[in-house]
S.K.: 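Structure in structure tokens, see below.
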Amino acid sequence: MALQLWETLKESIVAYTGLSPATFFTVLALGLAVYYVASSLFGSPADHHQRPRDYQEQMQPLPPPVQLGEISEEELKQYDGADPKKPLLMAIKGQIYDVSQSRMFYGPGGPYALFAGKDASRALAKMSFEEKDLTGDISGLGPFEIDALQDWEYKFMSKYVKVGTIKKTVPVTEGESTAEPAEVADKDVPKTSEDGPSESTEAKTEEIPSSVKTEDAE
């Protein structure tokens with residue numbers, strides 16, 4: 001049955017098109033291929049208007065970097081890309097850079113999104129994505145890690161704009177906290193009698209005997 005249908009189809013192709021079955025199917029396949037290629041290039045009118053609009057939105061110029069000055073690490077977390085209205089910032093060795101132009105890398109969903117809003121010096125030096133390495137502490141790094149971090153810093157300095165620095169809190173030791181009151185005490189508290197009588201006291205002591213001698217002489 002199927003063989004009869006095939007023979008009938010071949011005869012019809014030859015009768016109506018004048019082409020052999022092989023040539024007919026080759027031409028048909030090429031026609032379909034050209035149709036799909038043309039459809040993908042031009043698409044529907046709705047797609048044709050939608051794509052340029054999306055492209056224009058992506059190509060909108062970025063606002064100029066805003067200088068923040070000195071901010072804390074807690075304040076830096078506000079610029080991790082979660083708020084699209086705020087610039088995307090990242091710090092290396094305490095220096096903060098605006099990386100908004102590379103949002104596809106450092107923004108939400110990007111391969112380096114964990115570094116945004118932080119000083120990720122240690123993580124960059126070690127090429128680590130662990131939470132414990134997302135810090136600006138670079139103590140204990142090896143020479144190769146230091147070199148890697150230096151390369152990252154040179155890259156950021158040449159590509160991005162520096163917009164601020166991270167405020168460092170210096171811990172006050174016990175010796176430093178007691179030194180100032182001691183100095184104040186030395187300035188405010190008068191010397192005791194162990195240091196000897198003051199000049200005014202000596203002067204008064206010398207004046208009293210002299211007056212007494214005068215009365216005795218009279």
Side-chain angles (χ1 to χ4, degrees), residues 50-189:
Q50 183 66 28
R51 289 175 183 174
R53 188 183 304 116
D54 295 341
Y55 180 78
Q56 290 175 1
E57 290 177 357
Q58 293 176 1
M59 295 303 295
Q60 285 182 352
L62 294 171
V66 178
Q67 294 295 325
L68 300 178
E70 193 177 42
I71 63 175
S72 65
E73 292 188 62
E74 192 64 29
E75 292 172 321
L76 180 60
K77 293 179 181 179
Q78 303 175 11
Y79 302 94
D80 60 353
D83 188 351
K85 296 181 180 179
K86 291 184 178 181
L88 186 62
L89 305 182
M90 179 180 164
I92 293 182
K93 296 172 67 174
Q95 309 302 307
I96 304 173
Y97 298 90
D98 189 327
V99 296
S100 299
Q101 68 187 65
S102 298
R103 186 173 290 270
M104 61 181 300
F105 294 104
Y106 300 102
Y112 302 118
L114 288 175
F115 301 156
K118 303 179 183 69
D119 186 333
S121 299
R122 192 174 192 85
L124 290 173
K126 301 176 66 175
M127 284 310 298
S128 170
F129 292 90
E130 297 184 13
E131 188 71 26
K132 64 179 182 179
D133 292 326
L134 297 175
T135 174
D137 182 13
I138 58 175
S139 60
L141 294 178
F144 293 104
E145 294 169 336
I146 293 294
D147 290 342
L149 179 60
Q150 192 69 50
D151 291 340
W152 276 103
E153 186 178 17
Y154 286 151
K155 175 185 175 182
F156 271 62
M157 290 172 63
S158 61
K159 186 174 182 179
Y160 305 115
V161 177
K162 177 184 171 184
V163 295
T165 57
I166 293 181
K167 185 187 304 181
K168 294 294 184 181
T169 56
V170 180
V172 180
T173 60
E174 185 177 354
E176 293 175 347
S177 61
T178 57
E180 186 175 355
E183 294 176 0
V184 175
D186 292 340
K187 294 179 182 179
D188 297 338
V189 179

S.K.: Quick check against the 3.5 Å criterion: does T165 have a side-chain atom that pairs as donor or acceptor with the backbone of E70?
M.R.: no

S.K.: What are the two closest heavy atoms between I138 and S121, and how far apart are they?
M.R.: CG2-CB, 3.7 Å

S.K.: Evaluate the criterion side-chain contact (heavy atoms from CB on, under 4.5 Å) for residue pair V66 and V163; output intermediate values, then yes/no.
M.R.: CA-CA 6 Å; V66 178; V163 295; over 6 Å; no

S.K.: As an exercise, state the distance from CD of Q95 to CD1 of I166, rounded to the nearest 0.5 Å.
M.R.: 8.5 Å

S.K.: One pair to check against side-chain contact (heavy atoms from CB on, under 4.5 Å): L68 and Y79. What are the steps and the verdict?
M.R.: CA-CA 11 Å; L68 300 178; Y79 302 94; 4.0 Å; yes

S.K.: Taking atom CD of Q78 and atom CD1 of I71, what is their separation to the nearest 0.5 Å?
M.R.: 8.0 Å

S.K.: If you measure from CG on L88 to CZ on R103, what distance do you get to the nearest 0.5 Å?
M.R.: 5.0 Å

S.K.: I need the E73 CD to I96 CD1 distance, nearest 0.5 Å.
M.R.: 9.0 Å

S.K.: Other residues, nucleotides and ligands only: do more than 12 of their heavy atoms fall within 6.0 Å of CZ on F105?
M.R.: no

S.K.: Any sub-3.5 Å donor-acceptor pair from R122's side-chain atoms to D133's backbone N or O?
M.R.: no

S.K.: From T135 OG1 over to E130 CD, what is the distance, rounded to the nearest 0.5 angstrom?
M.R.: 13.5 Å

S.K.: Please give me the minimum heavy-atom distance between L124 and F115, naming the atom from each residue.
M.R.: CD2-CE1, 3.6 Å

S.K.: Using atom types as modelled and distance alone, determine if a side-chain donor or acceptor of D119 lies under 3.5 Å from a backbone N or O of G94.
M.R.: yes

S.K.: Which atom pair, heavy atoms only, marks the closest approach of G81 to P108?
M.R.: O-CG, 3.4 Å

S.K.: Do you know the tightest heavy-atom contact between G109 and A113?
M.R.: N-CB, 4.2 Å

S.K.: Of the non-hydrogen atoms in A125 and E145, which two are nearest, and what is the gap between them?
M.R.: CB-O, 3.4 Å

S.K.: Could you tell me whether the side chain of V99 reaches within less than 4.5 Å of the side chain of F156, counting heavy atoms only?
M.R.: yes

S.K.: Show the numbers, then the answer: is there a side-chain contact (heavy atoms from CB on, under 4.5 Å) between V161 and Q67?
M.R.: CA-CA 9 Å; V161 177; Q67 294 295 325; 4.1 Å; yes

S.K.: How long is the gap from OH on Y106 to OH on Y160, to the nearest 0.5 Å?
M.R.: 4.5 Å

S.K.: For M157 and Y97: C-alpha separation, side-chain torsions, deciding distance, then whether side-chain contact (heavy atoms from CB on, under 4.5 Å) applies.
M.R.: CA-CA 8 Å; M157 290 172 63; Y97 298 90; 3.2 Å; yes

